[in-house]
Amino acid sequence: MYLDHNATSPPTPAVIARVTELMSTAWGNPSAIHREGVRARQVLEDARPQVARLGGARPSQLVFTSGATEANVTALSHLARDARRLVTVATEHPSVLKPLEAMAADGEIALTIIGVDHDGRCDLEALERALMDADGLALMAANNETGVVADLEAVARLVEMTGVSWHCDAVQAVGRFPVDMNRGPWRAVTTLTFSGHKIGGPMGVGALLTSGDTTVTPLLRGGGQQGRRRAGTPAVAAIGGFAVAAQTALASDWSSVARRRDRLESSLLDTFPGSIVHGAGAPRLPNTSSIAIRADSGWADGEDLVLALAETGVAVSTGAACASGEARPSHVLLAMGADAVQAQATLRFSLGTETGDDDIDQVLGALDTVVRGPQSQPL
Ligand code: PLP
């Protein structure tokens with residue numbers, strides 16, 4: 001059973017069918033003027049409005065990329081051309097934090113990193129002070145590890161008050177709650193990014209949306225593809241699949257997911273008293289639960305649990321997928337005040353819309369067995 005949707009969401013049969021079909025029907029180079037090229041170009045032209053709609057943008061505001069990492073780095077490099085004093089938050093995804101830290105280390109920008117409280121909420125007073133003296137902000141919509149959703153209204157007010165440019169990584173937000181660059185706090189966003197494989201599309205495609213009047217400087221220079229905004233032949237079949245996933249994501253219903261996630265958490269807290277749900281006091285995505293597991297003998301080892309659960313057919317994660325395989329505790333949990341042992345004891349469960357009550361029962365039973373041994377009573 002798969003409870004790692006924040007790492008990657010499985011492609012739907014419709015996405016697989018579309019990518020498979022396009023591999024044999026639209027394999028031409030979309031820049032070519034022959035029939036094969038025109039066919040491939042048409043796929044891109046059809047996909048562009050469908051993917052843009054996921055962020056409430058017009059097709060002209062969208063640049064296809066190789067994923068959210070490239071989209072984030074493109075947006076940040078663009079931001080740093082004009083904005084030399086940048087602000088970000090300690091719990092951002094590494095694809096935002098690492099490039100910013102590298103630019104700061106090279107002396108290209110001055111970087112202020114704002115802390116978060118115990119529940120992963122950004123310190124808004126510190127943010128306001130920092131923005132008074134800055135030109136750019138990188139602040140994500142929802143955190144991939146804890147699911148904590150930023151106070152977008154408050155951030156948008158500060159952005160509007162100070163006139164800074166705002167890059168928003170919306171990878172975990174799109175398709176989970178409405179994202180619309182024409183409405184509410186999203187109107188304050190200058191650049192917004194998301195990824196194909198987090199919404200049930202293929203890996204290796206992502207989107208960079210720009211606000212109406214922003215022209216992003218290309219990160220990749222070379223050919224004149226995508227109106228000279230991103231060089232390189234676009235991944236036509238994958239983008240076609242991305243468009244199918246985007247349409248499904250727009251129509252998806254997360255209303256019962258939070259109830260299942262909450263049941264998972266309350267059962268785990270009953271079974272393993274002293275466990276900690278990270279970010280429980282903040283607004284969160286409906287599907288995400290990040291829990292430090294406390295066994296009778298003390299804090300569990302998250303990596304051991306993930307491996308033992310995998311043996312039983314249950315897929316969860318220790319933190320960010322990108323951090324798996326690294327022994328270091330999650331920077332997100334440390335920023336929230338967890339100690340290294342609690343961070344290492346943490347499992348991230350991320351549900352999909354298809355996760356059922358029986359799946360939750362199965363995970364609870366599997367976890368009880370792997371923590372307490374096969375003699376434990378079924379939950
Ligand atoms: N931003 C966030 C919040 C993510 O969760 C991820 C993926 O883990 C990324 C960016 C990077 O996305 P991609 O795998 O498309 O490069």
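Remember, it's 1-based here, ligands and their atoms both numbered in the order they're listed. Throughout, numbering of the chain's residues begins at 1 and tracks the sequence. The model shown is predicted, which means the values in this text are computed figures rather than measured ones.
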Open item on the list: Ring-plane angle category for Trp186 and Phe177, please: parallel below 30°, perpendicular beyond 60°, tilted otherwise.
Closed with: tilted
Open item on the list: By the ring-ring contact (aromatic ring centres under 6.0 Å, His included) test, which pairs, at least two apart or in different chains, include something from residues 11-68?
Closed with: none
Task: N or O contact, Asn6 vs ligand 1, cut-off under 3.5 Å - done: no
- [ ] Look only at interatomic distance and state if Gly67 has a nitrogen or oxygen under 3.5 Å from any nitrogen or oxygen of ligand 1.
- [x] no
Open item on the list: I'd like to know if Asp123 pairs up with Arg129 as an ion pair, taking the criterion as any Lys NZ or Arg NE/NH1/NH2 lying under 4.0 Å from an Asp or Glu carboxylate oxygen.
Closed with: no
Open item on the list: Do the side chains of Asp359 and Arg260 get close enough for a salt bridge, i.e. N-O under 4.0 angstrom?
Closed with: no
Any heavy atom of [X] sitting closer than 4.0 Å to ligand 1?
X: Ser95; value: yes
X: Lys198; value: yes
X: His197; value: yes

Which atoms of ligand 1 sit under 4.0 Å from any heavy atom of [X]?
X: Asp169; value: 1 (N), 2 (C), 3 (C), 10 (C)
X: Met140; value: 3 (C)
X: Ser195; value: 13 (P), 15 (O)
X: Val171; value: 1 (N), 2 (C), 3 (C), 4 (C), 5 (O), 10 (C)

Task: Nearest heavy atoms of Gly136 and Leu79, plus distance in Å - done: CA-CD1, 4.3 Å
Open item on the list: Quick test of your reading: applying side chain to side chain donor-acceptor pair (under 3.5 Å), list the pairs with at least one residue in residues 58-68, sequence neighbours left out, ordered by first then second residue.
Closed with: Ser66-Glu70
- [ ] Give the C-alpha distance, both sets of side-chain angles, the deciding distance and a yes or no for side chain to side chain contact (heavy atoms under 4.5 Å, CB included) between Arg121 and Asp151.
- [x] CA-CA 8 Å; Arg121 279 180 292 225; Asp151 185 344; over 6 Å; no
